[in-house]
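This structure is in structure tokens; I'll ask about it shortly.
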Amino acid sequence: MSSAETIFALSSGAPPAGVGVIRVSGPAARAALLALAGRVPEPRRASLARLRDAQGALLDEALVLWFAGPATATGEDLAEFHCHGGRAVVAAVEGALASLRGIRRAEPGEFTRRAFANGRIDLAEAEGLADLLSAETELQRAAALANAGGALSREVEGWRERVLSLSAEVEGVLDFSDEEDSADLPECFTWNIGALAEELAEWLTRPRSERLGEGFRVVLAGPPNAGKSTLFNALVESEAAITSPIAGTTRDVIERAVAISGVPFTFVDTAGLREGEAADSIEAIGIDRARSALARADAVLWLGAEGEGPEGAWEIAAQSDREGYGEKPGARFTLSAMTGEGVAALKTALVEAARAALPKPGEAALNARQHARLAEAAEALQSAQGLADPLLVAEELRRVRLAFDRLVGRATTEDMLDTLFGRFCIGK
């Protein structure tokens with residue numbers, strides 16, 4: 001993959017559509033405009049043009065735009081053809097571009113990878129953009145947008161500047177140690193390292209971005225025939241689970257991902273938990289899986305007898321529409337999934353609990369890779385606090401800077417980049 005090559009791809013939605021935007025990036029982008037449109041418009045101004053192939057056949061009447069590098073999305077010369085979005089039109093324009101010398105179809109994520117390679121975005125921003133493209137809920141969108149917009153990158157750059165200042169102080173002490181006059185680190189030096197370490201530690205305790213992918217995990221549990229599946233269907237607003245008065249109808253774990261008020265959830269319906277032996281081996285497997293699901297839950301809705309659920313479970317008095325239903329004096333919610341009574345209040349409470357547990361709207365959130373690099377930096381800072389030898393302190397601060405550089409992509413590997421940019425679609 002060479003940036004000396006010029007690439008093109010459809011950057012809008014798949015046809016048929018109202019408009020098809022075909023983007024061209026690289027040194028031959030200007031030549032592509034001349035070949036198809038016959039001219040290059042004023043930079044950054046849309047211009048109407050008739051597009052023709054090499055034989056002069058009319059392909060479409062479209063808007064064309066020209067962006068001279070390096071002040072472009074990819075850091076290279078960039079051209080765009082805003083065509084009619086029919087399949088035949090898009091295919092004809094792409095075919096004409098593919099026939100030009102030095103121009104080829106882009107690979108997945110190649111536009112964004114060139115933006116990274118040319119310094120238009122850093123690695124954290126690229127990861128935020130990948131998350132933004134896959135966002136399905138409002139919380140996912142807001143968190144991804146913050147990272148794509150550079151919120152985390154700006155924090156890292158600020159931390160890096162502080163570490164550079166600390167390193168300069170250490171280097172000054174090391175320089176003086178070779179002379180007759182000796183010098184010591186300022187009294188505030190250790191305090192400054194500690195303050196930065198505490199700041200990183202606070203970031204490391206924040207909810208991770210992966211939580212937004214799976215969402216707040218809510219497990220419904222209780223004995224057979226407690227109304228779990230009926231409540232599950234009411235929460236996910238579909239007949240996802242089979243309901244029946246026959247005990248043990250649910251034999252396996254059923255999961256559904258939904259969004260409520262823009263917050264992602266995964267609701268889990270489980271097999272009924274009963275005392276003693278299961279009716280058969282299949283039910284026994286279902287009960288084992290139910291217990292495993294409980295261990296992974298962010299919240300458990302317990303529909304059984306009060307006090308018999310897992311520690312911290314939400315006590316739910318379900319089936320309030322049924323005569324003689326099991327009352328629970330300490331129930332957090334009394335409801336009927338059949339009539340809808342109390343279900344809205346339960347959803348509201350779940351949304352509030354999820355908002356407290358998940359990354360805040362618009363707040364930058366760390367993914368697993370970023371968390372690992374930040375943990376490396378925090379560990380090196382803590383190590384530096386306990387050292388008296390300036391030479392060893394300088395080495396630990398160098399490790400901190402390296403961790404920050406890896407976080408934003410100043411130091412990285414091709415394999416990791418291949419994995420990241422492979423998540424993108426072809427036109428991005």
Side-chain angles (χ1 to χ4, degrees), residues 207 211 214-261 263-276 278 283-284 286-358:
R211 293 290 309 278
E214 184 177 66
F216 193 70
R217 194 172 182 84
V218 180
V219 175
L220 285 72
N225 260 13
K228 299 184 298 297
S229 295
T230 304
L231 178 56
F232 176 81
N233 289 341
L235 290 170
V236 303
E237 297 184 1
S238 80
E239 298 299 315
I242 299 173
T243 59
S244 164
I246 301 173
T249 299
T250 301
R251 304 296 253 355
D252 200 355
V253 170
I254 301 173
E255 297 188 5
R256 286 294 183 275
V258 299
I260 304 175
S261 299
V263 178
F265 285 89
T266 295
F267 286 102
V268 184
D269 188 20
T270 60
L273 302 173
R274 67 168 87 205
E275 295 295 332
E283 184 181 8
I287 291 174
D288 286 343
R289 291 182 178 179
R291 291 199 170 101
S292 296
L294 289 174
R296 297 175 53 207
D298 294 312
V300 175
L301 305 185
W302 179 252
L303 279 66
E306 189 169 338
E308 295 184 5
E311 184 179 354
W314 295 23
E315 296 284 358
I316 306 294
Q319 301 175 323
S320 63
D321 57 301
R322 295 175 61 177
E323 186 175 348
Y325 82 100
E327 294 188 16
K328 299 169 73 171
R332 188 165 180 173
F333 291 94
T334 298
L335 53 83
S336 166
M338 293 296 293
T339 66
E341 175 191 356
V343 174
L346 173 60
K347 285 185 176 181
T348 298
L350 286 171
V351 168
E352 291 175 356
R355 287 191 184 279
L358 297 175

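Along the sequence shown, residues are numbered consecutively beginning with 1.
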* side chain to side chain contact (heavy atoms under 4.5 Å, CB included) partners for Thr339, two or more places apart -> Asp321, Ser336, Glu341
* Asked: Is any side-chain heavy atom of Leu294 closer than 4.5 Å to a side-chain heavy atom of Thr270?
  -> no
* Asked: Just how far is it from atom CD1 of Ile254 to atom NZ of Lys228, taken to the nearest 0.5 Å?
  -> 11.0 Å
* For residues Ala349 and Phe333, report the shortest heavy-atom separation together with the two atoms involved. => CB-CZ, 3.4 Å
* side chain to side chain contact (heavy atoms under 4.5 Å, CB included) between Leu346 and Leu235, worked out -> CA-CA 9 Å; Leu346 173 60; Leu235 290 170; 4.2 Å; yes
* Search all heavy atoms of Asp269 against all heavy atoms of Ser229 and return the closest pair with its distance. => OD2-OG, 2.6 Å
* Structure fact -> NZ (Lys328) and OG (Ser320) are apart, to the nearest 0.5 Å, by 12.5 Å
* Side-chain contact, heavy-atom cut-off 4.5 Å: Val218 with Leu350? -> yes
* Structure fact -> Heavy atoms of Pro223 and Gly304 approach each other most closely as CD-CA, 3.3 Å
* **Minimal non-hydrogen separation, Ala337 against Ala234, with atom names** => CB-CB, 4.1 Å
* To do: Drop me the distance from Gln319's CD to Leu303's CG, to the nearest 0.5 angstrom.
  => 7.5 Å
* Structure fact -> Applying side chain to side chain contact (heavy atoms under 4.5 Å, CB included) to Ala354 and not counting sequence neighbours gives Phe216, Val263, Phe265, Leu358
* Side chains of Ile316 and Leu220 in contact at under 4.5 Å (non-hydrogen atoms) -> no
* **Val268 vs Arg296 side-chain heavy atoms within contact, under 4.5 Å** => no
